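In this text the structure is predicted, and so the values were computed from the model without any measurement. Computed from heavy atoms alone, side chains included, the values below leave out hydrogens, waters and symmetry copies. Throughout, residue positions are numbered sequentially from 1 according to the sequence presented.
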Amino acid sequence: MGRGDHRPDRWQAAGDREIFEKQLRSVLKYLSYAPVIFLSALEGTGPGAKKLLRVLNEVVAVAAERRKRVSTGQMNRFLDKIDFQRAPVPMAKRLRIFYMTQAAVAPPTFVLFTDRDIKLHFSFERFLENQIREAFGFKERRSGSR
């Protein structure tokens, strides 16, 4: 009998996994888009290694998201649709975005052309990131074992 054979898997109950994932996401708020996959060493090898295959598939999918390219025209149409009044930014830190372009991939990097030469307020930056993820699919990939 192996070391772990005599005790139940702590993550068998879906409720335990959900509680742990909520706690993890609470601590790592800035990684809300990142996938969480539960995998044990016992399940990760052998002929029935479906969960390990899911991890590898997730890596491929996330890598594809990192290489995604959005045209400047798409970005500008996206900017026209955003309700910037919802952005949690102090009035003194608000700015007008003239246009936006994707400067690089892996990781996706965007450049904004604005009416003022100031650093974006962190809450505005996070708001804009979340809007981009929602609009263009740079969002969380969920394939955790549930």
Side-chain angles (χ1 to χ4, degrees), residues 4 8-146:
D9 185 355
R10 292 182 351 182
W11 303 110
Q12 285 300 319
D16 289 345
R17 288 190 301 262
E18 289 173 10
I19 290 168
F20 178 77
E21 184 173 349
K22 282 182 184 177
Q23 290 172 344
L24 179 69
R25 291 198 181 281
S26 174
V27 171
L28 301 174
K29 289 178 185 174
Y30 58 93
L31 291 176
S32 63
Y33 59 88
V36 174
I37 300 172
F38 294 93
L39 177 70
S40 79
L42 293 175
E43 298 167 328
T45 60
K50 291 180 182 178
K51 287 189 180 179
L52 183 58
L53 185 57
R54 290 170 83 181
V55 170
L56 296 176
N57 288 337
E58 192 65 31
V59 168
V60 169
V62 168
E65 287 289 301
R66 285 177 48 89
R67 291 187 303 272
K68 187 179 286 188
R69 167 105 24 214
V70 180
S71 74
T72 300
Q74 288 174 302
M75 291 305 302
N76 291 331
R77 286 187 291 279
F78 155 77
L79 286 173
D80 288 340
K81 294 177 184 175
I82 294 179
D83 180 10
F84 286 106
Q85 298 304 315
R86 289 187 14 224
V89 181
M91 287 305 285
K93 297 286 186 176
R94 292 196 182 233
L95 51 86
R96 182 170 175 227
I97 301 173
F98 296 125
Y99 72 97
M100 185 172 172
T101 188
Q102 185 173 1
V105 295
T109 305
F110 299 92
V111 177
L112 284 71
F113 294 84
T114 65
D115 62 344
R116 295 190 292 161
D117 186 17
I118 62 171
K119 181 171 173 37
L120 290 180
H121 190 272
F122 74 92
S123 61
F124 185 78
E125 187 174 344
R126 184 169 292 165
F127 170 81
L128 199 52
E129 278 182 24
N130 290 336
Q131 296 297 311
I132 290 169
R133 287 183 197 286
E134 187 64 33
F136 298 108
F138 296 104
K139 56 185 169 185
E140 178 179 4
R141 304 246 330 139
R142 289 186 166 265
S143 67
S145 59
R146 296 200 182 340

> Check P88 against S123 and note the closest heavy-atom contact, atom names and distance.
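Scanning both residues, the minimum pair turns out to be O-OG, 2.5 Å.
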
> Please answer whether the main-chain N or O of A135 pairs with a side-chain N or O of K81 as donor and acceptor at a distance below 3.5 Å.
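Side chain of K81 to backbone of A135, a donor-acceptor pair under 3.5 Å: no, none is there.
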
> In Å and rounded to the nearest 0.5 Å, what is the CZ to OG distance from F136 to S71?
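Here the interatomic distance stands at 7.5 Å.
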
> Which pair of non-hydrogen atoms, one from M100 and one from T72, has the smallest distance, and what is that distance?
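Minimum heavy-atom separation between M100 and T72: O-CG2, 3.6 Å.
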
> In the structure I gave you, are the side-chain heavy atoms of I82 and F127 within less than 4.5 Å of one another anywhere?
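Side-chain contact under 4.5 Å: yes.
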
> Are the side chains of F113 and T101 in touch, meaning some heavy atoms are under 4.5 Å apart?
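The answer is yes; the side chains approach within 4.5 Å.
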
> Taking C-beta and beyond as the side chain, do L31 and L24 meet within less than 4.5 Å on heavy atoms?
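They are not in contact (no side-chain heavy atoms under 4.5 Å apart), so the answer is no.
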
> For the CZ atom of F84 and the CG atom of L79, what is their distance to the nearest 0.5 Å?
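F84 atom CZ to L79 atom CG measures 5.0 Å (nearest 0.5 Å).
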
> For A63, does its backbone N or O pair with a side-chain atom of R67 as donor and acceptor, under 3.5 Å?
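Present.
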
> Determine whether R94 and F124 make a side-chain contact, defined as any pair of heavy atoms from C-beta on separated by less than 4.5 Å.
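No, too far: nothing below the 4.5 Å cut-off.
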
> When you compare the side chain of Q102 with that of P108, does any pair of heavy atoms fall below 4.5 Å?
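Yes. Closest side-chain heavy atoms under 4.5 Å.
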
> How long is the gap from CZ on R77 to CE on M75, to the nearest 0.5 Å?
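Answer for the CZ-CE pair, R77 versus M75, is 11.0 Å.
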
> Would you say D80 has more than 12 foreign heavy atoms packed within less than 6.0 Å of its CG?
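Result for CG/D80: enclosed.
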
> With a cut-off of 6.0 Å (strictly less than), are more than 12 heavy atoms of other residues, nucleotides or ligands near CZ of F110?
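Yes, CZ of F110 has more than 12 neighbouring heavy atoms, counting only those of other groups under 6.0 Å.
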
> More than 12 heavy atoms of other residues, nucleotides or ligands under 6.0 Å from CZ of R116: is that the case?
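Buried by this count: over 12 neighbours within 6.0 Å.
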
> Between E58 and R54, does at least one N-O distance fall below 4.0 Å, as a salt bridge requires?
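Judged by the 4.0 Å cut-off on N to carboxylate O distance, E58 and R54 do not form a salt bridge.
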
> Under 4.0 Å between a side-chain nitrogen and a carboxylate oxygen: does that hold for R126 and E129?
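Looking at E129 together with R126, the answer is no, because their closest N to O distance does not fall below 4.0 Å.
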
> Only one of R17, R25, E18, Q23 forms a side-chain contact (heavy atoms from CB on, under 4.5 Å) with E21, so which one is it?
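Output: one option passes, namely R25.
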
> Please report the C-alpha distance between L128 and L112 in whole Å, then the side-chain angles of each, then the deciding distance to 0.1 Å, and finally whether the side-chain contact (heavy atoms from CB on, under 4.5 Å) criterion is met.
CA-CA 11 Å; L128 199 52; L112 284 71; 3.5 Å; yes

